[in-house]
Amino acid sequence: MKLDYDFNSLEKKWQKKWKEREVFLTPSHPKNKYYCLVMYAYPSGDLHMGHIKNYVIGDVVARTKRQEGKDVLHPFGWDAFGLPAENAAIIHKVHPEAWTKENIRISKEHLIRLGISYDWEKEIWSFDPNYYKWNQYFFLKFYERGLAYRKGGWVNWCPGCQTVLANEQVVDGRCYRGTCNAIVEKRKLEQWFFKITAYAERLWEGIDRLEGWPENVKIMQRNWIGRSEGIEVSFPVLGTNYSLNIFTTRPDTLYGVTFMAIAPDVEITEELIRGTEEEEKIRKFIDRILKKSEIERQAIGQEKEGIFIGRYCKNPLNGEKVPIFIADYVLGSYGTGCIMAVPAHDQRDFEFAKKYNLPIRVVIRPPGCDLKEKEMAEAYTEEGIMINSGPFSNKPSPEGIKLITDYLVEKGLARRKVNYRLRDWLISRQRYWGTPIPMIHCERCGIVPVPEVDLPVRLPEDVQDYLPKGKSVLAGVEEFINTTCPKCRGKAKRDPDTMDTFVDSSWYFLRYLDPRNEKLPFTYEATKEWLPIDKYIGGIEHACGHLIFFRFFTKFLYDLGLCAYDEPCLSLFTQGMVMLNGKVMSSSRRHGVWVGPFLEEHGADVARLAILFAAPPEKDLDWKDELITGAKRFLNRIYRLFEENNYQIKSSIKKERLSPQGKELYIRLNQTIKKVREDNERFQFNTAIAALMEFLNDLYAFSEKESEIFQFSLYNFLILLSPFAPHLAEELWERAKGEEFISSVSFPSYDPSATKFPEIEIPIQINGKLRSKIMVPLGTAEEEIKKLALEDSKVKNYTAGKEIRRIIYIKDKLLNIVIK
RNA sequence: GCGAGGAUGGCGGAAUUGGCAGACGCACUGGAUUUAGGAUCCAGUGAGGCAACUCGUGGGGGUUCAAGUCCCCCUCCUCGCACCA
């Protein structure tokens with residue numbers, strides 16, 4: 001299967017013209033802006049069909065909006081820092097920068113060859129010191145406000161990448177990088193964090209405003225942030241000055257507490273076990289638990305483990321003495337790291353109590369029946385009626401929550417608290433290819449920020465050894481690491497870590513607004529002009545990472561007064577993945593259909609159509625070479641039609657002069673324009689293309705090929721086609737002597753008076769089954785249609801001798817005769 | 001376990017509001033043209049049946065004049081979360 005025309009030179013010709021004539025440059029002061037953003041790319045070299053699906057979708061949107069008269073910003077850039085570059089450097093013995101630049105060169109060439117209408121003057125590269133300088137600038141701003149801090153503690157360590165990872169980068173206990181996939185360990189290290197938890201509430205409530213976001217992404221973010229309301233209660237530890245603070249959402253079960261449990265990795269543990277008889281034994285237990293990976297700790301069917309520490313708490317509500325355990329199922333990183341355990345009404349506590357023979361006390365019974373401790377097979381976690389709860393007995397448990405909360409708060413024994421599952425964002429990495437953290441460690445002055453005027457702190461280029469050693473690569477680069485303290489001028493060392501690449505991507509969409517500005521990261525005025533992003537297109541895998549981080553950054557920048565909006569994007573589209581033989585295409589696994597060779601063999605318009613026509617864009621699609629055939633046939637038929645008709649097009653018609661056949665075509669044209677516009681609007685590009693295919697069939701079938709209406713139809717058809725197959729559209733447009741570029745021509749609107757045929761077909765059902773069809777003029781009265789239907793010979797066969805009970809007519813749609 | 005989405009011909013998919021199920025495309029079958037076809041054009045293509053007709057959107061029930069679409073129950077698939085107190 002071949003294209004009838006020399007697609008290669010044709011496509012290159014138009015790509016060159018678009019560039020020379022600056023067709024896709026961004027208007028500088030938009031009157032009706034449209035910010036169309038696709039997630040910028042990790043430069044992996046050869047692109048595959050999965051990558052370009054994202055870009056093709058974005059391009060159809062950008063091109064359509066431009067033709068609809070919007071001032072479109074459609075930029076692209078490179079997420080150029082990150083581990084794979086370094087790993088490639090180690091394997092191929094090239095500098096990460098050289099490797100990255102070469103990949104960018106290749107990928108960019110592909111994107112241009114695909115005819116994606118980016119404004120390349122806006123291109124950005126995150127490894128550019130003029131870019132990462134601002135990462136450092138924002139870091140300092142975070143630091144000034146106490147939102148960047150250094151903290152020691154148990155963190156995720158990827159033994160494959162030899163660096164720490166953020167929680168968002170640990171997927172099912174493994175490294176998020178597909179090629180690595182190593183089981184993540186816990187290490188006790190001091191690291192840099194961004195205090196995203198300070199924004200937890202705003203990130204949570206902001207989700208409600210994200211009207212154009214897919215529901216599932218919003219749910220994922222809500223899960224990730226994990227807001228829950230409850231109280232923090234203090235349980236005094238008997239015989240000490242310590243108290244265990246616990247968080248609970250179920251104060252109604254406070255009378256059912258039979259033990260306390262603390263996480264092995266919280267500080268209070270240390271205080272409570274010091275000097276106790278069993279100290280040695282307990283320490284061994286803690287060590288053993290902490291050595292387990294997340295995967296081991298969370299394995300299904302994993303038995304809970306714990307150890308009694310020999311101390312007791314006093315229940316502040318009923319004064320009872322309850323034993324304290326260290327338990328592996330309690331998370332040190334959530335709430336206070338301590339819990340009150342209510343085995344009767346919490347499944348985890350129940351299992352633990354069963355294992356260690358601890359008492360189970362029912363304090364909530366199901367409405368209308370009893371609950372016996374000895375007969376319980378699992379905890380009763382529903383609402384119910386409170387029992388064994390002193391003065392609160394016999395109250396419904398939801399009411400009990402309120403009453404006990406009020407009581408404890410009033411007595412000063414508890415306080416209301418909202419807890420979040422979200423943890424602070426660990427942003428330091430022990431790798432080379434990233435933004436240096438602009439901090440200096442001085443023996444005398446402690447941690448000192450690099451003064452703003454000294455930014456950027458440049459990443460040293462002449463590094464010979466990128467090999468990860470389990471500690472920061474930059475620590476071994478003498479010229480870099482040794483510096484002077486900005487405060488005391490004494491000898492000091494730079495922070496040896498680099499930033500998580502997700503810092504780069506948290507604000508890149510703002511840099512596009514003013515990418516060459518050396519004085520500012522972007523201007524407030526530009527954010528006012530261009531934000532929020534009108535459509536953000538990317539993969540759903542970023543739902544709980546990047547898509548939370550960029551909201552967080554935007555809120556922070558808003559608070560700084562740098563950005564005019566506090567939500568970056570109100571409309572998000574997540575496209576489905578492209579699979580090959582049932583497996584996701586992947587550069588790192590060298591599994592995919594590669595764009596370079598594909599463009600050589602089939603061309604850009606074929607690639608674009610094949611991807612868009614295969615399935616609705618939000619769905620995963622399994623790549624099949626058969627897709628190419630359909631796309632090529634379609635393009636060939638278009639090409640031939642225009643050739644056969646000597647490229648005659650016409651931009652207007654006189655409606656009054658239409659022949660009967662011409663009228664029909666005119667209606668079909670308007671139906672098609674309407675359909676394509678509506679489908680484009682709701683991202684149904686597959687059916688929009690199907691509508692164009694149908695209309696093409698009509699054009700072939702139309703006999704009056706010299707007529708005005710035929711040429712007018714060709715004119716409109718080309719514009720409708722142009723966002724999908726812009727190269728062929730431009731070429732035919734030029735041959736037909738259309739003015740300027742089709743890419744800049746107004747998208748057609750339809751004539752609302754001409755979307756229905758004057759004669760319509762009404763299906764006739766009898767008892768809901770299709771029995772006949774009649775043709776009637778549009779707008780025929782109901783009575784007339786009923787009469788015609790009953791006279792219809794096929795209908796008569798069924799109605800003869802039967803009682804007609806009802807006739808239901810749905811205007812212009814259908815008639816149903818109910819007989820007995 | 002919880003949450004979300006889904007199941008439609010041989011395949012990808014269409015049916016926007018309960019109203020002709022299978023648009024459009026691929027594959028396939030027959031024919032035309034051609035030295036030839038992995039080109040093009042025409043016709044056909046859910047299943048059964050000579051036909052009239054019957055059956056048909058994962059399975060079972062229901063509501064309705066009318067159900068792929070709404071309600072109840074079930075099966076399977078995909079994704080997300082999962083000791084979050």
Side-chain angles (χ1 to χ4, degrees), chain A residues 1-2 4 171-172 214-224 226-228 230 246-250 253 261 263 297-300 302 304 327-331 333-342 345-349 351-352 419-423 540-541 543-544 576-577 609-610 613-616 618-631 633-634 636-637 640 675 678-679 681-682 684 686-697 700 761-773 797 805-819:
Chain A
M1 182 81 212
K2 270 187 171 170
D4 288 355
V171 179
D172 294 332
E215 210 49 46
N216 59 337
V217 175
K218 292 200 268 186
I219 290 167
M220 284 161 80
Q221 291 211 351
R222 284 200 190 96
N223 285 342
W224 190 262
R227 184 183 193 275
S228 64
I246 62 95
F247 173 75
T248 180
T249 55
R250 293 292 305 272
T253 62
R297 278 180 74 171
Q298 296 184 6
I300 303 160
Q302 179 73 19
K304 296 175 180 19
D328 65 346
Y329 72 97
V330 180
L331 303 173
S333 51
Y334 182 77
T336 59
C338 313
I339 61 156
M340 64 177 210
V342 186
H345 305 293
D346 182 288
Q347 186 57 26
R348 299 152 297 182
D349 300 343
E351 286 165 25
F352 192 87
N419 254 330
Y420 302 91
R421 210 195 73 120
L422 185 72
R423 310 287 151 75
I540 194 156
E541 67 275 16
C544 295
M577 289 178 296
L609 283 170
F613 185 64
E618 71 279 6
K619 265 198 77 168
D620 289 350
L621 83 88
D622 205 358
W623 179 266
K624 292 274 181 323
D625 282 345
E626 286 81 63
L627 289 167
I628 301 166
T629 314
R633 242 174 234 161
F634 180 49
N636 277 342
R637 277 165 60 79
R640 255 181 270 135
K675 172 87 176 145
E678 287 171 359
D679 284 355
E681 201 53 49
R682 56 191 187 113
Q684 292 275 329
N686 55 330
T687 50
I689 293 168
L692 289 175
M693 288 172 167
E694 281 182 79
F695 191 55
L696 184 65
N697 287 337
Y700 264 100
E761 190 185 59
I762 302 287
I764 312 295
Q765 295 183 337
I766 290 168
N767 290 345
K769 293 195 174 175
L770 181 69
R771 296 304 181 191
S772 185
K773 289 179 179 184
N797 284 340
R805 308 187 61 172
R806 263 173 95 180
I807 302 179
I808 293 141
Y809 175 60
I810 309 297
K811 193 169 182 302
D812 302 338
K813 280 253 170 75
L814 144 159
L815 187 95
N816 189 13
I817 301 168
V818 187
I819 60 169

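Letters A, B, ... mirror the listed sequences (proteins, then strands); counts begin at 1. Since the structure is predicted, the reported quantities are computational estimates derived from the model, not experimental observations.
With P as the reference atom, B:rG13 and B:rC76 are 23 Å apart, rounded to whole Å. Atom C1' of B:rG9 sits at a distance of 10 Å from the matching atom of B:rU45, rounded to the whole Å. Taking atom P on both B:rA14 and B:rA23, the two are 13 Å apart, rounded to the nearest angstrom. Between B:rG6 and B:rA66, the distance separating the two C1' atoms is 26 Å to the nearest Å. Comparing the same atom, C1', in B:rC71 and in B:rU64 gives a spacing of 12 Å after rounding to whole Å. For the P atoms, the distance linking B:rC11 with B:rA4 amounts to 30 Å, nearest Å. Taking atom P in both B:rU69 and B:rU16, the straight-line distance is 13 Å, to the nearest Å. Distance check on atom C1': B:rA15 versus B:rA51 gives 30 Å, rounded to whole Å.
Judged by closest nucleotide on RNA chain B, A:E626 is the one of A:L422 and A:E626 placed further toward the 5' end. Between A:R227 and A:M1, the one whose closest nucleotide on RNA chain B sits nearer the 5' end is A:M1.
In this structure, CD1 in A:I764 is found 10.5 Å from NZ in A:K773, a value given to the nearest 0.5 Å.
Regarding A:L814, its CG atom lies at a distance of 7 Å from the P atom of B:rC20, rounded to whole Å.
In summary, the side chains of A:R421 and A:N223 do not present any donor paired with an acceptor at a separation below 3.5 Å, with no hydrogens or angles considered.
At a threshold of 4.5 Å between non-hydrogen side-chain atoms, the residues A:R633 and A:M1 count as touching.
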Evaluate the criterion side chain to side chain contact (heavy atoms under 4.5 Å, CB included) for residue pair A:V342 and A:T248; output intermediate values, then yes/no. CA-CA 11 Å; A:V342 186; A:T248 180; over 6 Å; no
#### Entry: Test side chain to side chain contact (heavy atoms under 4.5 Å, CB included) applied to A:I807 and A:N816, step by step
CA-CA 6 Å; A:I807 302 179; A:N816 189 13; over 6 Å; no
Any N/O pairs under 3.5 Å between the protein and nucleotides 6-14 of chain B? List them or say none.
from	atom 1	to	atom 2	distance (Å)
B:rG12	O2'	A:A614	O	2.5
B:rG13	OP1	A:K619	NZ	2.8
B:rA14	OP1	A:N686	ND2	3.4

N/O-N/O pairs, protein side and nucleotides 61-65 of chain B side, under 3.5 Å:
from	atom 1	to	atom 2	distance (Å)
B:rC65	OP1	A:R806	NH1	3.0
B:rC65	O2'	A:N816	ND2	3.2
B:rC65	O2	A:N816	ND2	2.6

Could I get a table of every N or O pair under 3.5 Å where one atom is in the protein and the other is in nucleotides 48-55 of chain B?
from	atom 1	to	atom 2	distance (Å)
B:rC53	OP1	A:Y798	OH	3.0
B:rU54	OP1	A:R771	NH2	3.3
B:rU54	OP2	A:R771	NH1	3.1
B:rC55	OP2	A:K769	NZ	3.1

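Comparing B:rG19, B:rA85, B:rC81 by their closest approach to the side chain of A:N223 singles out B:rC81. Of the candidates B:rA23, B:rC26, B:rC83, the closest approach to any side-chain atom of A:A690 belongs to B:rA23. The listed nucleotides are B:rG3, B:rU40, B:rA85; the one nearest the side chain of A:I339 is B:rA85. In this structure, of B:rG80, B:rC20, B:rA85, it is B:rG80 that holds the atom nearest to the side chain of A:M220.
With sequence neighbours left out, A:K2 forms a side-chain contact (heavy atoms from CB on, under 4.5 Å) with no residue at all. Taking A:V171 as the reference, A:Y176 meet the side-chain contact (heavy atoms from CB on, under 4.5 Å) condition, with sequence neighbours excluded.
Listed pair A:S228 / B:rA85 meets the phosphate criterion, a side-chain N or O lying under 4.0 Å from OP1 or OP2. Regarding contacts with the backbone of B:rA85, every side-chain N or O of A:R421 stays at 4.0 angstrom or more from both OP1 and OP2.
Residue contacts shown for A:Q347 are absent, as no nucleic acid heavy atom lies under 4.0 Å away. At the heavy-atom level, A:S333 lies nowhere under 4.0 Å from the strands shown. In this structure, A:R423 reaches the bases: a heavy-atom distance under 4.0 Å links it to at least one base atom across the strands shown. In this structure, A:E351 reaches neither bases nor backbone, as no heavy-atom distance under 4.0 Å exists between it and the strands shown.
Base orientation for B:rG9: syn, the chi torsion being within 90° of 0.
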Base-pair string, RNA chain B, Watson-Crick plus G-U, cut-off 3.5 Å on both distances, | for inter-strand, is (((((((..(((......[....))).(((((.......))))).(((....)))..(((((..]....))))))))))))....
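Relative ring orientation between A:Y329 and A:F352 is described as tilted, the plane-to-plane angle lying within the 30° to 60° band.
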